[in-house]
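One structure below.
FYI, the numbering just counts along the sequence from 1. Numbering of ligands and ligand atoms starts at 1, following listing order.
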Amino acid sequence: MDTQREIDLENGLYIAGQFCDAADAGRFEVIDPATEEPLTSVANATAADGRRAVDAAADALPAWSALAPRVRGEILRRAFDLIVAHQEQLATLITRENGKALPDSRSEVAYAAEFFRWYAEEAVRNLGQVSRAPSSGARILVQHKPAGVSVLITPWNFPAAMGTRKIAPALAAGCTVVVKPASETPLTMLALAPLLEEAGVPKGVVNFLPSRHSGLLVGAMLEDPRVRVVSFTGSTETGRRLLRAAANTVVNPRMELGGNAPFIIFEDANLDEAVAGAMVAKMRNMGEACTAANRFYVHEDVHDAFVERLAKEMSSLKVGNGLEPGVTVGPLVNAATRDKVQNLVEDARLRGAKVITGGMRLPGPGYFYAPTVLADVPEGALCLREEIFGPVAPVQRFRSESEVIARANATEYGLVAYVYTRNLSRGLAVCERLESGMVGLNRGLVSDPAAPFGGVKQSGLGREGAHDGLMEFLETQYISVAW
Ligand code: ADP
């Protein structure tokens with residue numbers, strides 16, 4: 001677009017406000033998932049680079065945390081404006097490194113920018129409290145102080161938003177950060193660096209370290225006692241590993257982990273809305289989202305009608321290179337993700353599931369998989385237990401409310417659930433009984449910078465977004481005062 005400004009493309013590490021090479025000069029390639037060709041290469045941060053970045057963040061901390069909250073807020077607000085001004089370039093970059101179709105990338109950039117606007121406003125809402133001790137007559141004074149240097153580790157499925165959802169609240173709270181973006185999609189975060197600089201973020205406050213040595217790099221940073229928060233979004237398995245690493249220095253862990261979202265449609269649901277919501281909950285990001293609907297439970301009275309309509313919608317989607325006009329479904333991010341999807345569908349088929357539409361990989365180059373609906377999926381199928389992370393909708397029938405709640409809750413995950421019914425009081429009662437950090441009631445999308453995003457059970461610890469997200473980067477201090 002004419003109004004959009006160009007952004008500088010850099011592919012070094014970004015430490016203390018400078019782009020630089022890795023300590024051992026190592027680099028790795030970033031692959032375009034639509035062509036399987038390398039896009040470029042980026043510097044591959046080592047443990048030594050991690051230590052240097054923590055030094056930079058620790059050096060920048062005193063001045064940044066002492067800055068007036070209003071000044072920090074205004075810097076964040078300028079970052080919002082600059083991201084919006086570069087929406088098209090950032091969206092194109094996301095599509096090129098992640099594969100998602102341009103409309104999805106544009107929505108992601110808008111969502112990513114909103115975290116800067118929201119936390120520009122939250123930066124000035126760090127409230128404490130004073131109360132009178134019930135028996136001693138002392139005063140209880142409570143304030144919230146910046147937690148300190150924070151290590152932020154992000155996944156490849158939302159290369160912009162999973163970063164800004166952590167960076168913006170950390171900066172609002174007065175923390176400084178080292179960000180390790182996913183090695184599949186490091187370019188979007190690197191493109192953010194000059195924008196943050198232009199917004200007025202001082203050197204060392206935000207550092208970016210792409211790396212293929214994730215374990216060694218993050219391990220070295222977590223050994224440094226100046227690091228006080230590790231905020232991670234990714235798989236439950238990697239989350240468990242990071243929790244173990246965080247134990248040594250008792251670093252505050254904030255974990256956004258995997259999901260296995262049930263999508264429940266009662267017999268009294270508005271079926272048009274349920275199908276539209278199902279398409280969003282399943283197909284936003286081609287299913288590569290921890291919030292993606294992973295299991296559809298449909299009341300037996302409306303099951304056949306729902307399956308037919310969902311299959312019609314899924315089969316009419318245009319699959320292709322996400323940069324092409326009209327394409328709404330791009331490739332999956334890499335061969336491993338595509339192969340996992342293929343194996344889950346094969347497993348369900350061998351156990352007796354019916355493939356209503358799709359059910360196959362599409363010819364390459366590019367890691368394409370056809371939008372798929374599976375019906376009569378038997379209980380043992382792996383796709384009901386594991387995160388699919390692809391465009392596959394397994395559907396099962398149910399009869400009673402208590403039965404479907406028990407089946408929905410029968411998982412180690414508890415991130416999000418979706419419920420469709422026209423009866424709001426029934427809907428709210430069902431929401432309360434679901435073991436889930438978030439529920440979409442007659443909505444297929446719950447993500448909102450103003451809402452607390454997060455899971456229960458093995459889906460995570462802590463919340464991102466809302467005022468809660470700010471609190472994740474603050475420590476409470478209580479001063480007992482002889483008044
Ligand atoms: P995904 O399945 O989405 O790739 P991962 O949990 O493996 O999920 O990756 C999410 C993020 O965690 C990425 O930035 C990845 O590089 C990083 N990561 C992977 N393994 C480790 C590790 N052992 N320590 C720290 N970070 C890791």
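- With respect to the salt-bridge test (charged N to carboxylate O, under 4.0 angstrom), the residues Glu412 and Lys457 do not qualify.
- Ring pair Phe389/Trp156: centre-to-centre distance below 6.0 Å.
- Between Phe232 and ligand 1 there is a heavy-atom distance shorter than 4.0 Å.
- Every atom of ligand 1 is numbered from 1 in the order shown, and the set under 4.0 Å from a heavy atom of Gly215 is 22 (C), 23 (N), 24 (N).
- Salt bridge status for Glu475 with Lys145: absent, with no side-chain N to carboxylate O gap under 4.0 Å.
- Taking distance alone, with nitrogen or oxygen atoms compared against 3.5 Å, Ser183 stays at or beyond that limit from ligand 1.
- Close contacts between ligand 1 and Arg241 involve ligand atoms 23 (N) [criterion: under 4.0 Å to a heavy atom].
- Atom 15 (C) of ligand 1 has as its closest protein heavy atom Lys180 NZ, 3.9 Å.
- Numbered from 1 in the order shown, with element, the atoms of ligand 1 that lie under 4.0 Å from a heavy atom of Thr154 read 11 (C), 13 (C), 14 (O).
- Ion pairing between a basic and an acidic side chain is recognised when a charged N comes within 4.0 Å of a carboxylate O; Arg51 and Glu223 show no such pairing.
- For atom 4 (O) of ligand 1, the closest non-hydrogen atom of the protein is Trp156 NE1, 3.1 Å.
- Shown in contact with Ile153 at under 4.0 Å from a heavy atom are these atoms of ligand 1, numbered in order with element: 11 (C), 12 (O), 14 (O), 17 (C).
- Using the six-membered ring where Trp is involved, Phe296 and Phe263 have ring planes that are tilted, between 30° and 60° apart.
- Remark: ligand 1 atoms within the under-4.0 Å shell around heavy atoms of Val218 are 25 (C).
- Counting heavy atoms only, Thr238 comes closest to atom 21 (C) of ligand 1 of the residues Thr233, Thr337, Thr238, Val333.
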(request) Check the pair Ser105, Thr95 against side chain to side chain donor-acceptor pair (under 3.5 Å), reporting the backbone distance first and the verdict last. (result) CA-CA 6 Å; Ser105 296; Thr95 294; 2.7 Å; yes

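- The pair Asp81-Arg117 fails the salt-bridge criterion, with no side-chain N (NZ, NE, NH1 or NH2) lying under 4.0 Å from an Asp/Glu carboxylate O.
- What you find for Ala466 and Pro452 is that their closest heavy atoms are CB-N, 3.6 Å.
- Looking at atom 6 (O) of ligand 1, its nearest protein heavy atom turns out to be Ser235 OG, 2.8 Å.
- Annotation: atom 27 (C) of ligand 1 to nearest protein heavy atom, Ser214 CB, 3.4 Å.
- In this structure, atom 1 (P) of ligand 1 is in close contact with the protein, since a protein heavy atom lies within 4.0 Å of it.
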